[in-house]
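Here the structure is laid out as C-alpha cells; the discussion comes afterwards.
Since the structure is predicted, the reported quantities are computational estimates derived from the model, not experimental observations. Note on naming: letters A, B, ... go to the chains in the order of the sequence lines (proteins, then strands), and numbering restarts at 1 for each one.
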Protein chains: 2
Amino acid sequence: MLQLDYRSGESLYVQIKENFKRLILSKSLKEDELLPSVRALASSLAINVNTVQRAYRELEQEGYIYSIPGKGNFVAGKIEDAKQKSVSEIREELSKIVEKARAFGVEQEEFQEMIKEFYNKGGKQS
Amino acid sequence: MLQLDYRSGESLYVQIKENFKRLILSKSLKEDELLPSVRALASSLAINVNTVQRAYRELEQEGYIYSIPGKGNFVAGKIEDAKQKSVSEIREELSKIVEKARAFGVEQEEFQEMIKEFYNKGGKQS
DNA sequence: CTAACTGTATCAATCATATTAATACAGTTA
DNA sequence: TAACTGTATTAATATGATTGATACAGTTAG
C-alpha cells in the first residue's frame, strides 16, 4: 500500500503523512474511504503502532481524515479546508523569509523574480 | 556594546551574529574596524569565550568579518559579497517553500500576492 | 456477552542535535 | 616575557524529535 524510505532522512510518520496527503489530494483515495487500520499498516511496514497513530492523528488535526474510535480512519470531505490550513502554514514560513530578505535589502521586485524562476524551473508537469 | 535576550529562544551565538550583521550592514561599524576581542565580549556578556568565538567564526565564513590570529577580528570590506551569500541561502529556503506550495496547488499569482502583502505589512520604516 | 477487531493515551527509551563550557594550543606586541 | 590576541579539541549539557511498550477504551460480528 505504501512505501517507506529509510535513507531519506525524513521521519517515518512524516513520510506516512505525506504519502496519504498525496493520495488524498490526487483523489486516489476518495471521500469517506477507509484507511488501513493503525495496526494493519504498522504490521505491514514493520514499524510501531504509535508511529502510524501519530501520522493519523496529525492528518486528522490538519483535516485530511477523520477518525471514529473503534471503527477506523476515513478520508475527510471538504479537503479544501485542509488545503487552506496547509497553505496558511506555508504563509507563515514565507512571512519569516520575507522578513529576513528585507533585512538584507532584498526588494520586492527581486523577490518576485525569484518566485518566477522557481515556478518555471519546477513546472515541468501540469 | 551589545544586548542579549535570554528569553528570546534564539541561541546566544546567533544573537551575537545577528547583532553584528545589523551593525555592519547599517555601517555603524565601518570597514576594518576592530571588533571587541572574544574574551572581552565574553566577559562583558558573562558568557563563554567559545560562544563568542563561534559567532565570530561564522561571521567570518559568511564574509562579514575577517580574523587575524593574535590581532583581532575586523569588519570586512566588500560586504556586498556577504550579502550575496546571505541572499543565496534565503533563495534556498524560498525554493523549498515554493515546491511545497506547488504541491498544494498554490498558483504563482497567489504566491506573488502573499509577497506583496508581507512587503506592505512589514514596511513601516525606511 | 465475548472475542477480535478498531482507535487512544501515557509513559519511557532512544537518538540526534544544538548549545555551551573547560581547557589547552598558538600568534602578536609592547 | 607578560599580557594581550584568536583557535582547536573535547566534553558536558540541554533540548527536542522520534520511536517503542503497554494499558485503556469503543465497535461489532458471532
Side-chain angles (χ1 to χ4, degrees), chain A residues 1-21 24 29 32-76 89 93, chain B residues 1-21 24 29 32-76 89 93:
Chain A
M1 172 101 200
L2 198 148
Q3 187 69 2
L4 291 184
D5 179 3
Y6 283 88
R7 289 172 298 177
S8 75
E10 271 303 341
S11 58
L12 303 180
Y13 81 94
V14 169
Q15 288 186 49
I16 294 172
K17 277 181 65 181
E18 287 177 350
N19 263 285
F20 279 112
K21 273 191 194 177
I24 292 172
L29 290 174
D32 296 320
E33 188 169 341
L34 178 64
L35 272 64
S37 79
V38 288
R39 282 180 181 77
L41 186 54
S43 166
S44 86
L45 294 175
I47 62 178
N48 191 278
V49 178
N50 292 319
T51 305
V52 177
Q53 166 62 14
R54 177 165 183 181
Y56 280 10
R57 190 206 319 143
E58 295 194 3
L59 282 171
E60 185 183 23
Q61 287 169 346
E62 295 176 27
Y64 288 93
I65 68 178
Y66 61 93
S67 169
I68 303 180
K71 300 196 70 174
N73 287 276
F74 307 85
V75 176
E89 287 171 15
E93 293 182 59
Chain B
M1 170 101 200
L2 198 149
Q3 187 69 2
L4 290 184
D5 179 3
Y6 282 88
R7 289 172 298 177
S8 76
E10 271 303 339
S11 58
L12 305 180
Y13 81 94
V14 169
Q15 288 187 48
I16 294 171
K17 276 180 66 181
E18 287 177 350
N19 263 285
F20 279 112
K21 274 190 193 177
I24 292 172
L29 290 175
D32 297 320
E33 187 168 342
L34 177 64
L35 273 63
S37 79
V38 288
R39 282 180 182 77
L41 186 54
S43 166
S44 86
L45 295 176
I47 62 179
N48 190 279
V49 178
N50 291 320
T51 305
V52 177
Q53 165 61 15
R54 177 165 182 181
Y56 280 10
R57 190 207 319 144
E58 295 193 4
L59 281 171
E60 185 182 25
Q61 286 169 347
E62 296 175 27
Y64 288 92
I65 68 176
Y66 62 93
S67 169
I68 304 181
K71 299 196 69 177
N73 286 275
F74 307 85
V75 177
E89 287 170 14
E93 293 181 60

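- In a base pair of the Watson-Crick type (N1 to N3 plus N6-O4 or O6-N4) or a G-U wobble (N1-O2 and O6-N3), with each distance short of 3.5 Å, D:dA21 is matched with C:dT10.
- At whole-Å resolution of the value, OH in B:Tyr56 and P in C:dT20 are 15 Å apart.
- A:Gln15 has its CD atom 11 Å from the P atom of D:dT18, to the nearest Å.
- Atom P of nucleotide D:dT7 and atom CD of B:Glu58 are separated by 13 Å, given to the nearest angstrom.
- At whole-Å resolution of the value, CG in B:Leu34 and P in C:dT28 are 16 Å apart.
- Regarding B:Arg54, its CZ atom lies at a distance of 17 Å from the P atom of C:dA22, rounded to whole Å.
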Please report the C-alpha distance between A:Asp5 and A:Gln15 in whole Å, then the side-chain angles of each, then the deciding distance to 0.1 Å, and finally whether the side chain to side chain contact (heavy atoms under 4.5 Å, CB included) criterion is met. CA-CA 8 Å; A:Asp5 179 3; A:Gln15 288 186 49; 3.9 Å; yes
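- Summarising the geometry, atom CD belonging to B:Gln61 is positioned 15.5 Å from atom OH belonging to B:Tyr56; distances are rounded to the nearest 0.5 Å.
- Out of D:dG20, C:dG7, C:dA22, the shortest distance to the side chain of A:Asn48 is found at D:dG20.
- Counting heavy atoms from C-beta on, the side chains of A:Leu4 and A:Ile16 come closer than 4.5 Å.
- Each of B:Ser37 and B:Asn50 was assigned the nucleotide of DNA chain D with the nearest heavy atom; the assignment lying further toward the 5' end belongs to B:Ser37.
- When the options B:Val75, B:Leu29, B:Ile65 are evaluated for a side chain to side chain contact (heavy atoms under 4.5 Å, CB included) with B:Phe20, the one that passes is B:Leu29.
- OP1 or OP2 of C:dG7 has not a single side-chain nitrogen or oxygen of A:Gln53 nearer than 4.0 Å.
- If you find the closest nucleotide of DNA chain D to A:Val49 and to A:Lys71, the one lying nearer the 5' end belongs to A:Val49.
- Proximity note for B:Arg39 (side chain, C-beta onward) versus C:dT20, C:dC25, C:dT8: the nearest is C:dC25.
- Counting to the nearest Å, the C1' atom of C:dT8 and the CG atom of A:Asn73 are 11 Å from each other.
- A parallel orientation is assigned to the rings of A:Tyr66 and A:Phe74, their planes being inclined by less than 30° (bins at 30° and 60°).
- Atom-to-atom, CD1 of A:Ile47 to P of D:dG20 comes out at 7 Å; the value is rounded to the nearest Å.
- Here the nucleotide nearest the side chain of B:Thr51, chosen from D:dT7, C:dG7, C:dA21, is C:dA21.
- Contact annotation: B:Ser11 does not reach the phosphate of C:dA18 (side-chain N/O to OP1 or OP2, under 4.0 Å).
- Note on B:Tyr13: every side-chain N or O is 4.0 Å or more away from OP1 and OP2 of C:dT20.
- In this structure, A:Leu12 atom CG and C:dC15 atom P are separated by 14 Å, rounded to whole Å.
- Across all strands shown, C:dA30 forms a Watson-Crick or G-U wobble pair with D:dT1, both key distances being under 3.5 Å.
- Within the 4.0 angstrom heavy-atom criterion, no nucleotide atom of any strand lies near B:Arg57.
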